[in-house]
Amino acid sequence: MKDELNSIQVETLEKIQNAYTSKELQDIKVAVLGKKGSLTSVLRGMGKLSKEERPVVGELANKVRETISAEIDQKSNVLEEQAMEEQLKKEAIDVTLPGRPVQFGGPHLLTSIIEEIEDLFIGMGFEIKEGPEVETDYYNFEALNLPKNHPARDMQDTFYITNELLLRTHTSPVQARTMNQYKGTQAVKMICPGKVYRRDTDDATHSHQFTQIEGLYVDKDVRMSDLKGILDKFAKKMFGQDRKIRLRPSFFPFTEPSVEMDISCKVCNGAGCSVCKKTGWIEILGAGMVHPRVLKMAGYDPEVYTGFAFGMGPDRIAMLKYGIDDIRQFYTNDKRFLRQYHHAKGGIL
Ligand code: FA5
């Protein structure tokens, strides 16, 4: 039995030395010291030994167990340390490597222009309103004095969704919505920026989707001269003090009288060039005094209230201000183009 114990020790120590993983080590432990292990079964046979032999073999068996246990513990420590070192090596971070460059974003030029215009009008006491891009026929046309089959509807080629639903062709429905909300109980002084849609053929100055900013001021004594004063202030703040404006008679079914506003050409300073088509002027918005019928439909008494409205295209304003010759540049998302204007309103280059 002593020989058996000795050979268990020798063989087990050799196996421990050759073990490379904690799992192998665990298997050895179970195979030798476990309930059905080789050492355990030898010990079970001790009952058959004589009284004299029993303590001697018992002592030897204990020593073998202790030696094997100690060896397993030590090897286990070594393996754990090795595993830790390997993991650290794998996860090593070289803090001296240069960082990966992060690209800064910035506001789109149209966003910057719209915010700049908003700031100007907020400074003149206007509040900002919003309206839906999917609009009803009623608010887009009828509430603006454009009944069904009115020929002036052709001025704005429309994307219809159903007979009664469409993609709004201008931001003017927000006038009607806002007045309808107050129903003649209070004055309104608001602007509304947003996207609009028309079945226009895309070219250098037309896009089927573009932006507009609507303005509306309704109160008890609003006059055409107020409209002129506010638009003049806007044009000078936006394009520079030396710029002139002119109002030309025009037609919109929702305003009477109606005008279009031109601004003196920045390129030729009014002398005439290819940008202003030799006229010295460039059109930037439509405007007028709110038609009495529009006021009435929204619950405002036209005998008591008067108002003006205007609608401008920030796309065209941005083109004018920054000398951009094609509106499609705003919508093709070429970062090389967009990045040039990240500074436009406090953005980051
Ligand atoms: C209107 O849309 C009127 N609702 C404006 C208005 C509001 C008049 C309130 C009176 C009172 P118009 O269709 O002219 O008007 O468009 C206004 C501006 O939108 C134009 O001056 C132009 O700057 C811009 N615009 C019009 N069509 C396009 C287009 N396809 N692409 C880019 N900008 C456009």
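Because only heavy atoms are used, hydrogens play no part in the values below, and waters and symmetry mates are left out as well, while side chains stay in. We number each residue from 1, following the sequence as shown. Both counts, for ligands and for their atoms, begin at 1 and track the order of listing.
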Discussion item. If you take the nearest heavy atom of each of Phe252, Phe251, Tyr197, which one is closest to atom 15 (O) of ligand 1?
Written reply: Phe252
Worksheet entry | Region of Val196 engaging ligand 1 - heavy atom pairs below 4.0 Å | neither
Worksheet item: Hey, which atoms in ligand 1 end up nearer than 4.0 Å to a heavy atom of Ser172?
Response: 4 (N), 7 (C)
Discussion item. Regarding Asn180 and Tyr139, do their side chains bring together a donor and an acceptor under 3.5 Å, going by distance alone?
Written reply: yes
Practice prompt. Return the residue, atom name and 0.1 Å-rounded distance of the protein heavy atom closest to atom 22 (C) of ligand 1.
Written response: Arg316 NH1, 3.3 Å
Worksheet item: Any idea which atoms of ligand 1 are less than 4.0 Å away from a heavy-atom of Ala309?
Response: 9 (C), 11 (C)
Discussion item. Pairs of nitrogen or oxygen atoms closer than 3.5 Å, one from Glu214 and one from ligand 1: do any exist?
Written reply: no
Discussion item. Does this structure show an ion pair linking Glu135 with Arg177, if we count only N-O contacts that are shorter than 4.0 Å?
Written reply: yes
Discussion item. Distance under 4.0 Å to a non-hydrogen atom of Ile284: what atoms of ligand 1 satisfy this?
Written reply: 21 (O), 23 (O)
Discussion item. I'd like to know if Asp262 and Arg248 make a salt bridge, using a cut-off of under 4.0 Å between side-chain N and carboxylate O.
Written reply: yes
Worksheet item: Salt bridge between Glu127 and Lys189, side-chain N to carboxylate O under 4.0 Å?
Response: no
Worksheet entry | Under 4.0 Å to a heavy atom of Gln212 - the qualifying atoms of ligand 1, by number | 1 (C), 2 (O), 16 (O), 17 (C), 18 (C), 19 (O)
Discussion item. Looking at Lys15 and Asp27, is there a salt bridge between them, counting it only when a charged N and a carboxylate O are closer than 4.0 Å?
Written reply: no
Worksheet item: Between His208 and ligand 1, which residue portion shows a heavy-atom distance shorter than 4.0 Å: side chain, backbone, both, or neither?
Response: neither
Item to complete: Could you label the plane-to-plane angle of the Phe159 and His208 rings as parallel, tilted or perpendicular, counting under 30° as parallel and over 60° as perpendicular?
Response: perpendicular
Fill in: Nearest-0.5 Å distance that lies between atom CD1 in Ile263 and atom CD1 in Ile245
8.0 Å
Item to complete: Check ligand 1 against Leu285 and write out every atom of the ligand that is under 4.0 Å from a heavy-atom position of the residue.
Response: 21 (O)
Worksheet item: If you measure from each non-hydrogen atom of Asp200 to ligand 1, which part falls under 4.0 Å: side chain, backbone, both or neither?
Response: side chain
Discussion item. Quick check on the 6.0 Å ring-centre criterion: do Phe310 and Phe234 meet it?
Written reply: no
Worksheet item: Any idea which atoms of ligand 1 are less than 4.0 Å away from a heavy-atom of Gln175?
Response: 9 (C)
Worksheet item: When you measure from atom 28 (C) of ligand 1 to every protein heavy atom, which one gives the shortest distance, and what is it?
Response: Phe210 CZ, 3.3 Å
Fill in: Per-atom contacts, ligand 1 versus Ser207 - under 4.0 Å to a heavy atom
29 (C), 30 (N), 31 (N)
Practice prompt. Decide whether an N or O pair under 3.5 Å exists between His206 and ligand 1.
Written response: no
Worksheet entry | Contact check: His170 vs ligand 1, nitrogen or oxygen atoms, below 3.5 angstrom | yes
Worksheet, complete the sentence: To the nearest 0.5 Å, atom CZ of Arg65 lies from atom CD1 of Ile8 at 11.0 Å
Worksheet entry | Nearest-contact summary for atom 5 (C) of ligand 1 - protein heavy atom, Å | Gly311 CA, 3.8 Å
Worksheet item: Purely on distance, is any nitrogen or oxygen of Asp315 under 3.5 Å from one on ligand 1?
Response: no
Worksheet item: Counting only heavy atoms not in Lys148, do more than 12 fall under 6.0 Å of its NZ?
Response: yes
Fill in: NZ/NE/NH1/NH2 to OD/OE distance under 4.0 Å, Glu116 and Lys321
yes
Discussion item. Does ligand 1 come near enough to Glu283 that some N or O of the ligand is less than 3.5 Å from an N or O of the residue?
Written reply: yes
Worksheet item: Counting only heavy atoms, which portion of Thr205 has something under 4.0 Å from ligand 1: side chain, backbone, both, or neither?
Response: backbone
Item to complete: Treat each ILVMFWY residue as a node, draw an edge where side-chain heavy atoms are under 4.5 Å apart, and state whether Met224 and Met124 are in one component.
Response: yes
Worksheet item: Do Thr169 and ligand 1 have an N or O pair less than 3.5 Å apart?
Response: no
Worksheet item: What do you reckon, are the aromatic ring centroids of Phe252 and His170 less than 6.0 Å apart?
Response: no
Worksheet item: What's the shortest distance from atom 3 (C) of ligand 1 to any protein heavy atom, and which residue and atom give it?
Response: Phe254 CZ, 3.9 Å
Discussion item. Could you check whether atom CD of Glu14 has more than 12 heavy atoms from other residues, nucleotides or ligands sitting under 6.0 Å from it?
Written reply: no
Response to the item:
Numbered in order shown, the ligand 1 atoms found under 4.0 Å of a heavy atom of Arg198 are 1 (C), 2 (O), 12 (P), 13 (O), 16 (O), 26 (C), 27 (N)
